[in-house]
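Before any comments, here is the structure.
Note that this is a predicted model, so its numbers are computed, not measured.
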Amino acid sequence: MFNQVDLKEAVRRSIQTEKNAMDFYARGAAGMKNANARKVFELLAREEREHAQWFHNVYPGDDIPNLDAFLNSGPAVDSDWLKDLEKVGVANLDERKAMELAMEKEKKLAGHLRELAAKIDNPEVKAVY
């Protein structure tokens with residue numbers, strides 16, 4: 001299935017992944033009582049937004065004409081990122097626990113992307129993942 005993904009779809013999925021991560025960090029930050037942990041998640045949300053911009057800059061599709069509108073729309077209802085956030089309960093996370101959670105999510109994503117890349121034959125699409 002993933003071997004049949006074209007460049008447009010690969011970049012679109014990457015934009016959505018960055019949005020999911022951005023929503024995870026933004027929602028997490030909004031629910032945190034610890035100011036330092038909140039700052040960490042706010043920073044990470046901004047970084048994910050920048051990553052989405054990078055992908056949008058090379059996106060060959062025309063179905064996301066306004067990236068800000070897309071990123072500011074509500075989170076995806078099926079986002080595994082947000083489901084994981086609900087399990088954790090962010091209100092009492094301190095800075096260390098917030099960083100551990102962020103690193104766990106990023107490590108899981110990196111592994112998933114490596115698996116996807118291994119299944120792709122097209123070198124342009126492989127480079128996206």
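- With no hydrogens or angles considered, no side-chain donor-acceptor pair links H112 and E115 at under 3.5 Å.
- The side-chain contact (heavy atoms from CB on, under 4.5 Å) check on N57 picks up Q53, with sequence neighbours excluded.
- Hydrophobic cluster membership differs between L113 and W54, with clusters built from Ile, Leu, Val, Met, Phe, Trp and Tyr side chains linked at under 4.5 angstrom.
- The side-chain contact (heavy atoms from CB on, under 4.5 Å) test applied to A76 returns Q16, N20, D78, S79, not counting sequence neighbours.
- Remark: R27 engages no residue in a salt bridge (charged side-chain N to carboxylate O under 4.0 Å, His left out) (not counting sequence neighbours).
- M22 contributes atom CE, which lies 12.5 Å from atom OG1 of T17 (distance to the nearest 0.5 angstrom).
- For the pair V40/R96, no side-chain contact is recorded, criterion being any heavy-atom separation below 4.5 Å from C-beta on.
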Could you go through R13 and L116, starting from their C-alpha distance and side-chain angles, then the distance that decides it, and tell me whether this counts as side-chain contact (heavy atoms from CB on, under 4.5 Å)? CA-CA 12 Å; R13 287 180 185 185; L116 284 178; 5.7 Å; no
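- G61 and K8 make their closest contact through CA-CE, 3.7 Å (heavy atoms, listed as atom of the first residue, atom of the second, distance).
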Test side-chain contact (heavy atoms from CB on, under 4.5 Å) on E106 and E48 and set out the steps. CA-CA 11 Å; E106 295 291 339; E48 298 299 348; 2.8 Å; yes
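- With sequence neighbours excluded, the residues forming a side-chain contact (heavy atoms from CB on, under 4.5 Å) with K97 are L93, D94, E100, listed by chain and number.
- Using a cut-off of 4.0 Å between Lys/Arg side-chain N and Asp/Glu carboxylate O, K105 and D80 are scored as not salt-bridged.
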Verdict with supporting geometry, W81 and L109, side-chain contact (heavy atoms from CB on, under 4.5 Å): CA-CA 10 Å; W81 286 78; L109 175 60; 3.9 Å; yes
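- Between the CG atom of L71 and the CZ atom of R49 there is a distance of 4.5 Å, given to the nearest 0.5 Å.
- The shortest heavy-atom contact between A37 and A98 is CB-CB, 3.8 Å.
- With sequence neighbours excluded, the residues satisfying salt bridge (charged side-chain N to carboxylate O under 4.0 Å, His left out) with D63 are R12.
- Residues K19 and P75 come closest through the heavy atom pair NZ-CA, 3.9 Å.
- Nearest heavy-atom pair across L7 and E124 is CD1-O, 3.9 Å.
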Show your reasoning for whether side-chain contact (heavy atoms from CB on, under 4.5 Å) applies to M99 and N36. CA-CA 10 Å; M99 284 302 299; N36 289 330; over 6 Å; no
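- Y25 and F41 get closest at one heavy-atom pair: CB-O, 3.4 Å.
- Considering all non-hydrogen atoms of both residues, I15 and A52 come closest at CG1-O, 4.2 Å.
- Partners of E47 by side chain to side chain donor-acceptor pair (under 3.5 Å), not counting sequence neighbours: none found.
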